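Working notes for the structure below.
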There are 2 protein chains.
Amino acid sequence: MRLTSKGRYAVTAMLDLAFHSQLKPVTLIDIAARQTISLSYLEQLFARLRRANLVKGVRGPGGGYSLCSNACDISIAEIVAAVGERIDATKCGGEANCQKHHACLTHDLWMDLGDHIKSYLQQITLADLLAKGRVQEVAERQNQEARQVIEIRNHADLMNDIK
Amino acid sequence: MRLTSKGRYAVTAMLDLAFHSQLKPVTLIDIAARQTISLSYLEQLFARLRRANLVKGVRGPGGGYSLCSNACDISIAEIVAAVGERIDATKCGGEANCQKHHACLTHDLWMDLGDHIKSYLQQITLADLLAKGRVQEVAERQNQEARQVIEIRNHADLMNDIK
DNA sequence: TACTTAACCTAGTAAAATAGTCAACTAATA
DNA sequence: TATTAGTTGACTATTTTACTAGGTTAAGTA
Ligand code: FES
Ligand code: FES
């Protein structure tokens, strides 16, 4: 079992998306700037998120990504699974055969642990995280810090939209 | 966060130890045979378990390893931590600084997840696992299979002891 | 005393995974 | 038509894992 930056980045990016994509799609460039994640790496992650039907992409200017469902219907477990992180703690992958085609001494322990973690992550949704004060604070700070990079662009877009 | 064969082997070996070391120390050779784990690798893991004061080794003929405490006082969390598996799910290791010296968007989520897993593994002891019927079954099967390898040796020892 | 046993220690290593980079291509918009 | 931004594939440095090989040391046994 492993939970690495791949899964952390995916959840972080999805949360950023949930936070900013109320009106229009959000570009990966913006997410990369706000969350300090490599753009190329994000692209790879979003390819998988798209294949898992969690986000949809819109090409061209004004494009970007937005969520497929409501934030309250997307669990952390789904996101983590979509990018291929194994939440399973067993060696056998649930087959109970890691020791000469038989179960090893600790198979049940790791199965139970995996189920435990899975159900924990399943019960938490993006909406739950959005509701936390701490998340709001951090998102605010990130907006401040990434302002010069992002908002100038977005502001120009907005002016154009108004025109 | 990662939980790999290192931690799985450590717990498996400790459980084997708890099961077989009632009377006399158990050799790593026996554990390796029963659990099909590389002997040299086991030695490395037991070096760490010993440094963590979970087991003590006795050299020479008739030697081996035995537990430092009762099986009911050794939690899975201790074993996993002793061999250096990081149960922590954060990137920052709890420092809340993984994004330019500040907390990232999902820091709290990973902290909570880590605490959750940790407390789950802390509440399970070796004695709990030993009490499970499934574990007894598997241990019995392993005894059968490793009989020709181990018990012939132990039998010889026993005969010598009697003499 | 010589021999065996098994813990203890150190260094190295093939394979896999991670966390990326780079470059090209496609679709939508202005 | 130029620009934007998603989409795709290949490639890479670094790290970790799960070992192996080879030794040394301490404690019993013949
Ligand atoms: S982990 Fe499932 S059989 Fe060993
Ligand atoms: S995981 Fe702790 S700050 Fe990002």
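What you are looking at is a predicted structure, and each value in this text was computed from that prediction instead of being measured.
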Donor-acceptor contacts, no H, no angles, side chain residues 92-104 of chain B, under 3.5 Å, sequence neighbours left out:
from	atom 1	to	atom 2	distance (Å)
Q99(B)	OE1	T36(A)	OG1	3.4
Q99(B)	OE1	Q142(A)	NE2	3.4

Sorted by chain and number, sequence neighbours left out, side chain to side chain contact (heavy atoms under 4.5 Å, CB included) with D115(B) holds for none

Notebook entry, point to check: According to a strict under-4.0 Å criterion, is R50(A) in side-chain N/O contact with OP1 or OP2 of dT8(D)?
Noted result: yes

Testing dT29(C), dT17(D), dT26(C) for proximity to the side chain of P61(A), the answer is dT29(C)

By nearest-nucleotide position on DNA chain D, the 5'-leaning member of G60(A) and R51(A) is G60(A)

**Asked** Between E145(B) and R141(B), does at least one N-O distance fall below 4.0 Å, as a salt bridge requires?
**Response** yes

Y9(A) OH to dG20(C) P, in whole Å, measures 4 Å

The correct set of residues in residues 86-102 of chain B placing a heavy atom under 4.0 Å from DNA chain C is none

So which protein N/O to nucleotides 13-17 of chain C N/O distances come out below 3.5 Å?
none

Side chain to side chain contact (heavy atoms under 4.5 Å, CB included) filter on M111(A), not counting sequence neighbours, yields T90(A), H107(A)

OP1 or OP2 of dG20(C) sitting under 4.0 Å from any side-chain N/O of S38(A)?
no

Regarding the side chain of R59(A), the nearest nucleotide among dC8(C), dA27(C), dG20(C) is dA27(C)

Give every pair of a protein N or O atom and an N or O atom of nucleotides 21-23 of chain D that lie under 3.5 Å apart, one pair per line with the distance.
none

